[in-house]
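Everything below concerns the one structure shown next.
Only heavy atoms go into these numbers, but all of them, side chains included; no hydrogens, no water, no symmetry mates. Per chain, numbering begins at 1; letters A, B, ... match sequence-line order.
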Amino acid sequence: MLEITVPVMEPLSGLRRTHSCGELTLEQVGREVTLMGWVHRRRDLGGLIFIDLRDRVGITQVVFNPQTDPVLHKKAGLLRGEFVVAVTGTVHKRPPGTENPQIGTGQVDVIARELRILNTAKPLPLQVSEDQEVDEALRMKYRYLDLRRAGMQSIMHLRHRVTQSVRKFFDQEGFWEVETPLLIKSTPEGARDYLVPSRTNPGRFFALPQSPQIFKQLLMVAGFERYFQIARCLRDEDLRADRQPEFTQIDVEMSFVEQEDVLTLMERLFASVFQECLDYTLPIPFPRLTYKEAMEKYGNDKPELRFGLPILDVSDGVRESEFSVFSDTLAKGGSVKGISLPGKGGLSRKDLDGLGKLAESMGAKGLLSYALTDEGPKSSILKYLSPSSQQKLQELAALKPGDLLLMIADETSRALDCLGKLRVELGRRFDLIPRGKFAFAWIVDFPLFHYNEDTRQLEPQHHPFTSPLQGDLDLLDKDPTRVRAAAYDLVLNGYEVGSGSIRIHQRPLQEKIFNLIGLSMEEAKEKFGFLMEAFEYGAPPHGGIAPGLDRIVMIMAGAETIREVIAFPKNQNANCLLTGAPVEVSEDQLKLLRIRVDQG
RNA sequence: GGGGUCGUCGUUCAGCGGUUUAGGACAUCUGCCUGUCACGCAGAAGAUCGAGGGUUCGAAUCCCUUCGGCCCCGCCA
């Protein structure tokens, strides 16, 4: 008898997989099958050996019996976690009482006739077969193992289905998928560019695209009319849980459309994608809020709309109060803003202090409360509030018995900002945010510009190719900060997941905007002359949007960070912990590019 | 650039100035086990407590510095 003591790696040599590990049912009983995959778990009972064989699809139990084939059984005893094997055997109905209802293939097992060990595996730095939390740095270093785990497989499969669903939708709608260049001209406005030196043009550099913006507009000038691209975008900026240096946009541009056309198309896109990929019916149309409404009701331009608790202006309720925080704030033109918390009037002093601390950490000077308890109104500033003030306050906040009103008095924008952050945290703490809900919304009527105090210069809120709203054109000269843009953001569960606009398609207006943001005619020509020239050869009116694929999939998957939905993400320092990139390069490489590194 | 937080066997977690020879679970190794399915049982090996410095009779534990991970501010047209 052949004595096997160490696993020998064997070739496939013609062996073909007949089934996946996820598809065997009672239907295949009696048939000989060949499965290939990884040893997920082994249960060596001394006699019988059970192997859970895993592939991308599922898990099938393979049985090795020492009585039917002692040599094979001995070989099976050498198997360890994550060995790669091919098994040929017969599908059997499991003996009664040994079925496993937890897996789809649990009615059957495969009695092995042949086992080939295609590769071995060392003991693992992280457990593929278990769903425990593992240090993220370790996951990144061994990302190929991390990606084997069920959770990551299902997320990456979801991502695949989303991109396929997006492609199908756009194809049906008559859009052409076009690839735009990765090596492009650097235009240092906005985010920092990743630069690529050109060996054939020493001393000159390409930039990697922050988005395909200009090229998709040129495609409209080219008469493509409807374009989309699953496009990689690159920005050399600092990272966040929802920001990676390279990320993917569903880039879209259309000719002969107005804002409404883009919005409704996107609503149909996401309704279709969510239905197909999650079997979730999105209510359309999505709610639309103006930028101003969003700021006033939710304190930011990407409101979390899975729950209510809008911010209220209660200034009128405390206008007559002699409490100096109120009077001073209002005298200086600030506001008193509040959030009404139904049923939370019974919170203890300690709870309220905790919320106060929280508000302070969010930039508030303090948090004031007013509660309607069983024993009547309760507030640390009760003595400053006359009965009529209280009456007014209760009306403004629609307070019912048992409710709590939290207030911040400050410069209006700061009060809104703090309450906006507080609102979301209150939603979390009091568990007001429904799980499994997807609340899309549009934010519209953004200002075209914002004023940068440091540079004393108007800057585009979106980008300089955004068209002003038709009705606000006359304000461009009079009061540019009041000009609204034909721009729109798509918001989902408190994340900005897309941003778009109707573009400028006429040279004179484009020149005017460049001028207003302080770009001289020379600079404008130097940077964007080719675009303005294109506008002179019959550019159609056009507009578009670019939803962020990573963020949307992250939210669909219920993941906490964008890294969870990217196969090989960077860490917070924009390093790849798996490959070690970025790395220093050799003197020879630099010489070829005529680059010297300042070791500073 | 700034603020916060974490770092203990391969993994995950406990220990947070002294009954610690740093403990459990999983993984690994050895033995037993023929219907297990997170198999079970018995045993073994495995950790200079991220690194460096300091305080102390005594430091995984307190302090400082530093490195690394994560979260946030700035930044992201």
Between A:Asp410 and A:Lys365, is there a side-chain N and carboxylate O pair less than 4.0 Å apart?
yes
Rounded interatomic separation in angstrom, taking CD from A:Gln127 and P from B:rA38:
15 Å
Just the rounded figure in Å: distance from P of B:rA14 to CD of A:Gln132.
13 Å
With a 4.0 Å cut-off on heavy atoms, is A:Thr561 in touch with a base, just the backbone sugar-phosphate, or nothing at all?
sugar-phosphate
Using a cut-off of 4.0 Å on non-hydrogen atoms, how would the nucleic acid contact of A:Asp135 be classed: base, sugar-phosphate, or nothing?
sugar-phosphate
In whole angstroms, how far is the P atom of B:rU28 from the CZ atom of A:Phe83?
10 Å
Roughly, in whole Å, what's the span from CG in A:Leu239 to C1' in B:rC75?
11 Å
Does OP1 or OP2 of B:rC29 have a side-chain N or O of A:Arg80 closer than 4.0 Å?
yes
From B:rU34, B:rC76, B:rC37, pick the nucleotide closest to the side chain of A:Asn65?
B:rU34
Can you check whether A:Arg563 has a side-chain N or O nearer than 4.0 Å to OP1 or OP2 of B:rC71?
yes
Winner on side-chain proximity to A:Asn575, out of B:rG69, B:rG35, B:rU34, is B:rG69
Between A:Leu124 and A:Ile111, who's closer to the 5' end of RNA chain B by nearest nucleotide?
A:Leu124
A:Gln102 has a side chain; which of B:rA38, B:rA77, B:rC75 sits nearest to it?
B:rA38
Atom CZ in A:Phe535, atom CD in A:Glu511: separation rounded to 0.5 Å?
11.0 Å
If the threshold is 4.0 Å, N to carboxylate O, is there a salt bridge linking A:Lys216 and A:Asp251?
yes
Would you find more than 12 non-hydrogen atoms of other residues, nucleotides or ligands less than 6.0 Å from A:Lys185 atom NZ?
yes
Side-chain donor/acceptor contact of A:Asn100 with base of B:rC37 under 3.5 Å
yes
Ignoring backbone atoms, establish whether A:Asn571 has a side-chain N or O less than 4.0 Å from OP1 or OP2 of B:rG69.
yes
Give none if B:rC29 has no partner; otherwise give the nucleotide forming a Watson-Crick or G-U wobble pair with it, both distances under 3.5 Å.
B:rG43
Can you check whether A:Gln127's main-chain N or O pairs, donor with acceptor, with A:Glu130's side chain at less than 3.5 Å?
no
Measure CZ/A:Arg42 against P/B:rA38 and give the value in whole Å, please.
16 Å
Pairing partner of B:rU20, by Watson-Crick or G-U wobble and under 3.5 Å for both distances, is none
Which part of the nucleic acid, if any, lies within contact of A:Ile103, taking any heavy atom under 4.0 Å across all strands shown: a base, the sugar-phosphate backbone alone, or nothing?
nothing
Is any side-chain nitrogen or oxygen of A:Arg43 closer than 4.0 Å to OP1 or OP2 of B:rA38?
no
A:Ile59 has an atom CD1; how far is it from atom P of B:rU36, in whole Å?
18 Å
Does any donor-acceptor pair link the side chain of A:Arg94 with the base of B:rC37 at a separation under 3.5 Å?
yes
For A:Gln244, report the nucleic acid contact type (base, sugar-phosphate, nothing); a contact means any heavy atom under 4.0 Å.
nothing
Counting side-chain heavy atoms from C-beta on, which of B:rG35, B:rC76, B:rA77 comes nearest to A:Ser211?
B:rA77
Determine the contact category for A:Asp109: base if any of its heavy atoms lies under 4.0 Å from a base atom, sugar-phosphate if only primed atoms, P, OP1 or OP2 are that close, otherwise nothing.
base
Let me know which of A:Val483, A:Asp445, A:Val444 forms a side-chain contact (heavy atoms from CB on, under 4.5 Å) with A:Leu469.
A:Asp445
Paired with B:rU66: which nucleotide, if any, by Watson-Crick or G-U wobble criteria at under 3.5 Å for both distances?
B:rG50
Determine the contact category for A:Leu45: base if any of its heavy atoms lies under 4.0 Å from a base atom, sugar-phosphate if only primed atoms, P, OP1 or OP2 are that close, otherwise nothing.
base
Are side-chain N/O atoms of A:Arg43 and A:Gln61 paired as donor and acceptor at under 3.5 Å?
yes
Base, sugar-phosphate alone, or nothing: which one does A:Pro95 contact when heavy atoms must sit under 4.0 Å apart?
base
Base B:rC76 to side chain A:Arg243, donor-acceptor N/O within 3.5 Å cut-off:
yes
Distance flag, aromatic centroids of A:Phe50 and A:Phe64, threshold under 6.0 Å
no
Report the nucleotide, chosen from B:rG74, B:rA77, B:rC37, that has the shortest atom-to-atom distance to any side-chain atom of A:His463.
B:rA77
Side-chain N or O of A:Asn573 closer than 4.0 Å to phosphate OP1/OP2 of B:rG69:
yes
Of the candidates B:rA77, B:rC72, B:rC75, the side chain of A:Gln572 sits closest to B:rC72
Paired to B:rU34 by Watson-Crick or G-U wobble criteria (both distances under 3.5 Å) is none
Candidate nucleotides B:rU34, B:rU11, B:rC37, ranked by approach to the side chain of A:Val134 - the nearest
B:rU11
Taking B:rU28, B:rA77, B:rU36 as options, the one with an atom nearest any side-chain atom of A:Phe50 is B:rU36
Look at the side chain of A:Glu130 and decide which nucleotide, out of B:rA77, B:rC72, B:rC26, has an atom nearest to it.
B:rC26
For A:Lys357 and B:rG4, what is the distance between atoms NZ and P respectively, to the nearest whole Å?
17 Å
Any side-chain N or O of A:Gln67 less than 4.0 Å from the OP1 or OP2 oxygen of B:rU34?
no
Taking for A:Pro125 and for A:Val63 the nucleotide of RNA chain B with the nearest heavy atom, the one nearer the 5' end belongs to A:Pro125
The side chain of A:Pro66 is closest to which nucleotide in this list: B:rC70, B:rU34, B:rC76?
B:rU34
Tell me whether A:Arg192 is salt-bridged to A:Asp236, with the criterion being a basic N under 4.0 Å from an acidic carboxylate O.
no
Taking only side-chain nitrogens and oxygens of A:Arg192, does any of them come within less than 4.0 Å of OP1 or OP2 of B:rC75?
no
Should A:Arg240 be listed as having a side-chain N or O under 4.0 Å from OP1 or OP2 of B:rC73?
yes
Just how far, in rounded Å, is C1' of B:rC71 from CE of A:Met362?
13 Å
